Number of protein chains: 2
Amino acid sequence: MPTTVDYEQLLREVDLRVTQPRVAALAAVYDNPHADTGSLIESVREELGEVSPQAVYDVLRALTDAGLVRRIEPAGSVARYESRVGDNHHHVICRACGAIADVDCAVGDTPCLTASETHGFAIDEAEVIYWGRCPSCRKETRV
Amino acid sequence: MPTTVDYEQLLREVDLRVTQPRVAALAAVYDNPHADTGSLIESVREELGEVSPQAVYDVLRALTDAGLVRRIEPAGSVARYESRVGDNHHHVICRACGAIADVDCAVGDTPCLTASETHGFAIDEAEVIYWGRCPSCRKETRV
DNA sequence: TTCTTAACTTGAATCGTTCCAGAAAAGCGG
DNA sequence: CCGCTTTTCTGGAACGATTCAAGTTAAGAA
């Protein structure tokens, strides 16, 4: 579990000024995987008191641009953020409740990076989303 | 190239009433692959005259629910629709201009359907998006 | 044709997100 | 430690895609 000092270190490494909202937002993303912006705003507020939503939006954008966090936008959902970056993992999402879980690459490190026909595109990332139903939603349907 | 009769046939097959907006919207999706809702509304209006945006929204939802068209929502983009359904193909999207092209499955029919660790999820679809730069945007950068 | 149901119109509302101008704070050189 | 410069944060408003609600119209069955 990273400490405040670790978060400050991460920020400095990407030339971002160390501010309370940034440290708190970074910690919130680490503590709440796949959380949406609203949840993160709440987390930051629990830590620091009143903070404007726009500040959190700005911070998340800065963190995303710097590569410290990853923004994911599943269809039919609001933007979500996660702290795992650069390891080429994917996601499995429940159609019913929207729950998200991490899935490591099925085949080696960059499995789907090789499309059959690229139409001349220079591909730099393959994003994979597995759609299905999570365990608890499967139970509910059976009842 | 399907005709109006073909579209009517498709609608009847899924127990949807045949209406002018529906036929026009279905034709629009076939004629404009990966078009967003706004473009489809325009296409329908060129065909039928004044049609309310909500009608097109409703029609597209009905067509999507019926499985006649597929709705895709790339991150950072509005909803788009395509007529290719049920063939498990994927997409390559340009980060710069948002252009979308179809990509057939790299490995057989259901390549990525086998995640390494499913967390108990019942997976029914694997959605793959290849992110990169399209040929024309690559040219622009070089200049 | 007549009836029933589904579909369309009109109008407004919602919600996540972004933009703007001004105030505040952090970092840095002195 | 002090003041300056730059960046960030605040507060408010705006935006745009999508959805909701109520009433009217049209499609398909009897």
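These figures come from a predicted structure and were not determined experimentally. Note: hydrogens, waters and symmetry copies are ignored here, and every other heavy atom, side chains too, is used. Note on naming: letters A, B, ... go to the chains in the order of the sequence lines (proteins, then strands), and numbering restarts at 1 for each one.
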For B:Ser43, side-chain hydrogen bond (donor to acceptor under 3.5 Å, both in side chains) partners two or more places apart: B:Asn32
Residue of the set A:Glu8, A:Glu13, A:Arg12 for which side chain to side chain contact (heavy atoms under 4.5 Å, CB included) holds with A:Leu10: A:Glu13
If the cut-off is 4.0 Å, is [X] near the phosphate of [N], judged by side-chain N/O to OP1 or OP2?
| X | N | result |
| --- | --- | --- |
| B:Thr37 | D:dT18 | yes |
| B:Arg61 | D:dT19 | yes |
| A:Tyr57 | C:dT18 | no |
| B:Arg12 | D:dG28 | yes |

Sugar-phosphate only, base, or nothing, as touched by B:Ala62 at under 4.0 Å among non-hydrogen atoms: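 Result for B:Ala62 = nothing.
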Sidechain N-carboxylate O distance under 4.0 Å for B:Arg45, B:Glu50: yes
salt_bridge(A:Arg95, B:Asp124) N-O dist < 4.0 Å: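 So A:Arg95 pairs with B:Asp124 through a salt bridge.
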Restricting to nitrogen or oxygen on both sides, can you table the protein-nucleotides 8-10 of chain C pairs closer than 3.5 Å?
{"from": "C:dC8", "atom 1": "OP1", "to": "B:Thr19", "atom 2": "OG1", "distance (Å)": "2.8"}
{"from": "C:dT9", "atom 1": "OP2", "to": "B:Ser52", "atom 2": "N", "distance (Å)": "3.3"}
{"from": "C:dT9", "atom 1": "OP2", "to": "B:Ser52", "atom 2": "OG", "distance (Å)": "2.7"}

Sequence neighbours excluded, every pair satisfying ring pair (Phe, Tyr, Trp, His ring centres under 6.0 Å) that has a member inside residues 17-43 of chain A: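 Sorted pair list: A:Tyr7-A:Tyr30, A:His34-A:His91.
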d(CG, B:Asp15; P, C:dT5) in whole Å: 16 Å
Nearest-nucleotide comparison on DNA chain D, the residue closer to the 5′ end among B:Val78 and B:Val18: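 With B:Val78 and B:Val18 compared, the 5'-side residue is B:Val78.
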